[in-house]
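What follows is a single structure, written as C-alpha cells, with notes after it.
The shown structure was predicted, so the numbers you read here are calculated from the model rather than taken from an experiment.
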Amino acid sequence: MPVKARIYIGTSVSLGYALLAGTLTWFSQFPDVARYLACLSLACIASTMKVRLPGLHSTISVNFVFILMALTQLSLAETLTIAFAATAVQSLWRTKSRPRIVQVLFNTSTVLISSALAYLTAHAVPGRDHPFIALAPAATVFFVMNTGMISLILALLSNTTLLAVWKQCHLWAFPYYLVGAAVAAAVVQSSQAVGWRLSLLTLPVMCLTYYYYKVFVSSHETQARAS
C-alpha cells in the first residue's frame, strides 16, 4: 500500500474515532432512549439490505436514510452512535470475504465524519425546523463527504485522480441519495404531527427502495457492458 494511502487512512480513522470519543465524553445526550433504540434497531436492520457497487468491493445500503432521520431529530451523540453501529453491521454482515480490521475502521470513520458534518449542516441552515429544508443540504454534504473520502483512497491505491474515480463509481448514485433524503424528510415531517413511532413504518418503504436499487444497479451494469 502506498505511503500516502496509509497516512490518509490513519488520519481518517484517528479523526473519526476522536470525533466519536469526544462527542460521547462532552456531549453525551440521550434524552429519549426508546426513540434512540428504535432508530438504532431500524438502521442496523436496514444495513443488512445492501447492494454491491458496480466495479467495486464496497456496498451501499439504505441505512443512510435512518442516519439522515437521526441527525434532524436526535442529538449528535445519538446520530454518531447510530451511524457507527449501522456501518459496522453493513461492513460485517454476509460479506463474500472476511473484511480486514482496517477496512472496517476506515468505513466507520468515513461515515462518522460525514454524519457529523451533515448534522452541523442540518442544524445550521435557516429553516432547519422544516425537514425538507434541512435534509436537502445535509444529504448532499453526507453524500459528497462519504463518497469523496472513499473515492480518495481508491484514487491513492490506483494512482489516478479523485474526480475520475468519483465520477465513475459514485456520481450516478446521487439520485438514490436524494430519494432517500426525501423519504427521511417525509417521515420526520409526519412524526412531528403524530409521534416518532411512525418511523417504525419506514422499514417496508426501505425494503421497496432496496429492491428498486438492486434493479437500478443491475440495469446500470447491463448498460455498461453494452457500451
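- Taken together through direct or relayed side-chain contacts under 4.5 Å among Ile, Leu, Val, Met, Phe, Trp and Tyr, Trp26 and Leu120 form parts of separate hydrophobic clusters.
- Minimum heavy-atom separation, Leu24 to Ala77: CD2-CB, 4.2 Å.
- Shown here for Ser91 and Val104, the closest heavy-atom pair between the two residues is CB-CG2, 4.2 Å.
- Pairing each heavy atom of Val125 with each of Ala122, the nearest pair is CG2-O, 3.6 Å.
- Minimum interatomic distance between Cys39 and Ala70 (heavy atoms only, all atoms of both residues): SG-CB, 4.1 Å.
- A pairwise comparison of heavy atoms in Ile153 and Ile150 identifies CG2-O, 2.9 Å as the closest pair.
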(request) Determine, stepwise, if the pair Arg35 / Gln73 fulfils side-chain contact (heavy atoms from CB on, under 4.5 Å). (result) CA-CA 10 Å; Arg35 186 179 194 176; Gln73 295 182 297; 2.9 Å; yes

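- In this structure, OG on Ser41 lies 10.5 Å from CZ on Phe66, to the nearest 0.5 angstrom.
- Annotation: the span from His123 atom NE2 to Thr72 atom OG1 amounts to 7.0 Å, rounded to 0.5 Å.
- A continuous path of Ile, Leu, Val, Met, Phe, Trp and Tyr side chains, each step under 4.5 Å between heavy atoms, connects Tyr119 with Leu15, placing both in one hydrophobic cluster.
- Rounding to the nearest 0.5 Å places OG of Ser14 at 12.0 Å from CG of Leu19.
- Remark: the backbone N or O of Ala83 is not paired with any side-chain donor or acceptor of Ser115 at under 3.5 angstrom.
- Connection of Val33 to Leu71 is established within a shared hydrophobic cluster, with ILVMFWY side chains joined at heavy-atom distances below 4.5 Å, either directly or through further cluster members.
- Here Phe30 pairs with Tyr36 under the ring-ring contact (aromatic ring centres under 6.0 Å, His included) rule; sequence neighbours left out.
- Residues satisfying the ring-ring contact (aromatic ring centres under 6.0 Å, His included) test with Phe64, not counting sequence neighbours, are Tyr176, Tyr177.
- Residues passing the side-chain hydrogen bond (donor to acceptor under 3.5 Å, both in side chains) test with Tyr8: none are found, sequence neighbours excluded.
- Residues Val89 and Cys44 come closest through the heavy atom pair CG1-O, 3.7 Å.
- Take Ser47 and apply the side-chain hydrogen bond (donor to acceptor under 3.5 Å, both in side chains) test, not counting sequence neighbours, and it matches Asn63.
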(request) I would like to know whether Thr81 and Leu20 meet side-chain contact (heavy atoms from CB on, under 4.5 Å); could you show each step before the answer? (result) CA-CA 8 Å; Thr81 51; Leu20 177 61; 4.3 Å; yes

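- The line from CG of Asn159 to NZ of Lys4 is 8.5 Å long, rounded to the nearest 0.5 Å.
- With sequence neighbours excluded, no residue forms a side-chain hydrogen bond (donor to acceptor under 3.5 Å, both in side chains) with Thr23.
- Leu152 contributes atom CG, which lies 12.0 Å from atom CG of Leu163 (distance to the nearest 0.5 angstrom).
- Looking at Glu78 and Pro31, their side chains come closer than 4.5 Å, going by heavy atoms from C-beta outward.
- Remark: the backbone N or O of Gly16 is not paired with any side-chain donor or acceptor of Ser109 at under 3.5 angstrom.
- A 4.5 Å side-chain heavy-atom check between Ile82 and Leu74 finds at least one atom pair inside the cut-off.
- With sequence neighbours left out, Pro2 forms a side-chain contact (heavy atoms from CB on, under 4.5 Å) with Ala5, Leu157.
- Contact check for Pro99 versus Leu92: side-chain heavy atoms found under the 4.5 Å cut-off.
- Taking Ala184 as the reference, Val65, Leu68, Met69, Leu135 meet the side-chain contact (heavy atoms from CB on, under 4.5 Å) condition, with sequence neighbours excluded.
- Residues satisfying the side-chain contact (heavy atoms from CB on, under 4.5 Å) test with Leu117, not counting sequence neighbours, are Ile113, Val141, Met145.
- A search for side-chain contact (heavy atoms from CB on, under 4.5 Å) contacts involving Arg100 returns Val102, Gln103, not counting sequence neighbours.
- Applying the side-chain hydrogen bond (donor to acceptor under 3.5 Å, both in side chains) rule to Thr108 yields the partners Tyr17; only residues at least two apart in sequence or on another chain are considered.
- Annotation: the span from Phe142 atom CZ to Thr147 atom OG1 amounts to 9.5 Å, rounded to 0.5 Å.
- Side-chain contact between Phe106 and Ser12 is present, with heavy atoms from C-beta onward closer than 4.5 Å.
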